[in-house]
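This report concerns only the one structure given below.
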Amino acid sequence: MYQENVVLCGASAYEQKYYFNQDFDSLPESVKQELHIMCVLYTEEIGGILTLEFDDNGSLQFKTEAVDADAMYDEIGSVLRIKKLQTEKRELLESLEMYYRVFFLGETIEDDGENVDKGN
């Protein structure tokens with residue numbers, strides 16, 4: 001279906017903009033708002049650009065980047081902030097991964113919670 005990572009959402013401190021992939025518009029409004037707040041607060045605090053992307057296995061990845069001339073970008077703070085978000089928002093992030101695996105990758109979930117790959 002997709003050749004590269006699929007971007008869920010992202011924010012840029014440089015353009016002061018937030019992006020949400022409309023392919024995920026069926027997510028509950030509260031989840032969309034939580035993602036919006038999480039990404040924008042990250043870029044306000046750390047700087048640079050943050051994107052949340054699904055890899056080809058359905059795992060949600062935090063991708064960050066900053067321009068070389070950005071002296072305000074906090075590289076160490078970025079790593080620490082992402083670890084904190086992954087801990088604090090673990091349930092949300094795991095639910096998003098499950099959503100992606102079921103609705104985009106076509107996996108089914110058995111009663112014991114194990115993923116079953118439909119295509120293989």
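A 6.0 Å sphere centred on CD of E75 holds no more than 12 heavy atoms belonging to other residues, nucleotides or ligands. Under a cut-off of 6.0 angstrom, the local environment of CD in Q22 is crowded, with over 12 non-hydrogen atoms contributed by other residues, nucleotides or ligands.
The heavy-atom pair separating K32 from L27 by the smallest distance is CE-O, 3.2 Å. Nearest heavy-atom pair across N57 and R101 is O-NE, 3.2 Å. In terms of heavy atoms, L85 sits closest to F62 at CD1-CE2, 4.1 Å.
Side-chain atoms of T64 and Y73, non-hydrogen and from C-beta on, do get closer than 4.5 Å to each other. L60 is not listed as a side-chain neighbour of Y100, based on a closest heavy-atom distance of 4.5 Å or more.
In terms of modelled atom types and a separation under 3.5 Å, the side chain of N21 and the main chain of C9 share no donor-acceptor contact.
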Practice task
Show your working on side-chain contact (heavy atoms from CB on, under 4.5 Å) between L96 and L35 and close with a plain yes or no.
Solution key: CA-CA 11 Å; L96 287 166; L35 290 168; 3.9 Å; yes
Problem - Verdict with reasoning, V6 to F104, per side-chain contact (heavy atoms from CB on, under 4.5 Å) - result: CA-CA 10 Å; V6 177; F104 286 79; 5.7 Å; no
Problem - side-chain contact (heavy atoms from CB on, under 4.5 Å) between F54 and V7, worked out - result: CA-CA 6 Å; F54 291 102; V7 175; over 6 Å; no
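Every residue two or more places apart in sequence or in another chain was checked for a side chain to side chain donor-acceptor pair (under 3.5 Å) with S30, and none qualifies. V79 pairs by the side-chain contact (heavy atoms from CB on, under 4.5 Å) definition with K83, not counting sequence neighbours.
To the nearest 0.5 Å, atom OG1 of residue T51 and atom CG of residue L8 are 10.0 Å apart. Remark: T87 OG1 to L93 CG distance equals 9.5 Å, nearest 0.5 Å.
With hydrophobic clusters built from ILVMFWY side chains whose heavy atoms lie under 4.5 angstrom apart, V102 shares a cluster with L52. Both V31 and Y18 belong to a common hydrophobic cluster when Ile, Leu, Val, Met, Phe, Trp and Tyr are linked at side-chain heavy-atom distances under 4.5 angstrom. By the criterion of side-chain heavy atoms lying less than 4.5 angstrom apart, applied directly or through intervening Ile, Leu, Val, Met, Phe, Trp or Tyr residues, I109 is grouped together with L92 in one hydrophobic cluster. Taken together through direct or relayed side-chain contacts under 4.5 Å among Ile, Leu, Val, Met, Phe, Trp and Tyr, F103 and F24 form part of one hydrophobic cluster.
Applying the salt bridge (charged side-chain N to carboxylate O under 4.0 Å, His left out) test to pairs two or more places apart or on separate chains, none has a residue in residues 51-73. Sorted pairs that involve residues 9-22 and meet salt bridge (charged side-chain N to carboxylate O under 4.0 Å, His left out), not counting sequence neighbours, are lacking altogether. Applying the side chain to side chain donor-acceptor pair (under 3.5 Å) test to pairs two or more places apart or on separate chains, those with a residue in residues 34-48 are E34-K89, Y42-S78, E45-R81.
Hydrophobic cluster membership of Y14, counting Ile, Leu, Val, Met, Phe, Trp and Tyr whose side-chain heavy atoms lie under 4.5 Å apart directly or via other members: I49, V67.
For the residue pair S26 and Y99, a side-chain donor N or O sits within less than 3.5 Å of a side-chain acceptor on the partner.
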